[in-house]
Amino acid sequence: MQTCVFCKIATGMLPATILYQDELVTAFRDMHPVAPTHVLIIPNKHIQSVNELEELDGTLVGHMFLVAKKIAEQENIAHSGYRSIINTGEHGGQTVQHLHLHIIGGQRLRFSMG
Ligand code: AMP
Ligand code: ZN
């Protein structure tokens, strides 16, 4: 998708602090971090949201969580803990229409549900 910000980050057309990249996913720092560690993990291919996932994407989604584990270890938050969040659609608060997994940690997070 030519106009999608996260597609541009995945292909290197837009700068970002990339922490990890392979043939399936890219992990980079959120530009407006809400905690000391705030990383986004995206599929390299454009998928709008969880709603657009297909049966064949199961391996990809599993891989996103395995990369989350790797990032948490790298960032030294695996032991202290962190949140893994995917927002979907308007009510879910999704502002970028390319699937992304937030990894947020480095401090005790307040509980928030809406
Ligand atoms: P969401 O509200 O779940 O759609 O989250 C979108 C996230 O993307 C927000 O936390 C933004 O700060 C982050 N974001 C948007 N544009 C960029 C960008 N160019 N580089 C890094 N993070 C971004
Ligand atoms: Zn995209």
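For the single chain, residues carry numbers from 1 onward in sequence order.
How far CD1 of Ile77 is from CD1 of Ile71: 9.0 Å, rounded to the nearest 0.5 Å. With rounding to the nearest 0.5 angstrom, the CD1 atom of Ile103 is 11.5 Å from the CG atom of Asp30. Interatomic distance, Ile42 CD1 to Leu101 CG, rounded to the nearest 0.5 Å: 11.5 Å. Once rounded to the nearest 0.5 Å, the distance linking CD1 of Ile9 with CE of Met31 reads 7.5 Å. Remark: Cys4 SG to Ile47 CD1 distance equals 11.5 Å, nearest 0.5 Å. Of the inter-residue distances, the one linking His38 atom NE2 with Tyr82 atom OH reads 14.0 Å to the nearest 0.5 angstrom.
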Requested in this report: Apply side chain to side chain contact (heavy atoms under 4.5 Å, CB included) to Thr59 and His63, showing your working.
Outcome: CA-CA 6 Å; Thr59 305; His63 187 61; 5.5 Å; no

Report task. Go through the steps to decide whether His102 and Leu40 satisfy the test side chain to side chain contact (heavy atoms under 4.5 Å, CB included), and finish with yes or no. Result -> CA-CA 5 Å; His102 295 257; Leu40 301 175; 3.3 Å; yes

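Taking 4.5 Å as the limit, every side-chain heavy atom of Leu99 sits out of range of all side-chain heavy atoms of Glu52.
Both Tyr20 and Val61 are assigned to one and the same hydrophobic cluster, defined by single-linkage of ILVMFWY side chains at heavy-atom distances under 4.5 Å. Each of Leu14 and Val39 belongs to its own hydrophobic cluster when Ile, Leu, Val, Met, Phe, Trp and Tyr are linked at side-chain heavy-atom distances under 4.5 angstrom. When the side chains of ILVMFWY residues are joined at heavy-atom separations under 4.5 Å, either directly or via intervening members, Val34 and Leu109 end up in a single hydrophobic cluster. By the criterion of side-chain heavy atoms lying less than 4.5 angstrom apart, applied directly or through intervening Ile, Leu, Val, Met, Phe, Trp or Tyr residues, Leu24 is grouped together with Ile86 in one hydrophobic cluster.
Note on ring orientation: taking the six-membered ring where Trp is involved, the planes of Phe28 and Phe6 are perpendicular (angle over 60°, cut-offs 30° and 60°).
For the pair Asp57 (side chain) and Val50 (backbone), a donor-acceptor distance under 3.5 Å is absent. The main-chain N or O of Gly106 is never found under 3.5 Å from a side-chain atom of Glu75 such that the two would form a donor-acceptor pair. For the pair Glu73 (side chain) and Lys70 (backbone), a donor-acceptor distance under 3.5 Å is absent.
A side-chain donor from one of Gln21 and Thr26 sits under 3.5 Å from a side-chain acceptor of the other.
Ring centroid separation for the pair His100 and His98 does not come in under the 6.0 Å cut-off.
Of all the heavy atoms in Ile104 and Ala35, the pair that sits closest is CG2-CB, 3.6 Å. Here the shortest heavy-atom pairing between Gln94 and Ser49 reads OE1-CB, 3.5 Å. Between Ala10 and Asn44, the closest heavy-atom pair is CB-OD1, 4.0 Å.
Hydrophobic clustering, defined by side-chain heavy atoms of Ile, Leu, Val, Met, Phe, Trp and Tyr closer than 4.5 Å, leaves Leu66 isolated from every other such residue.
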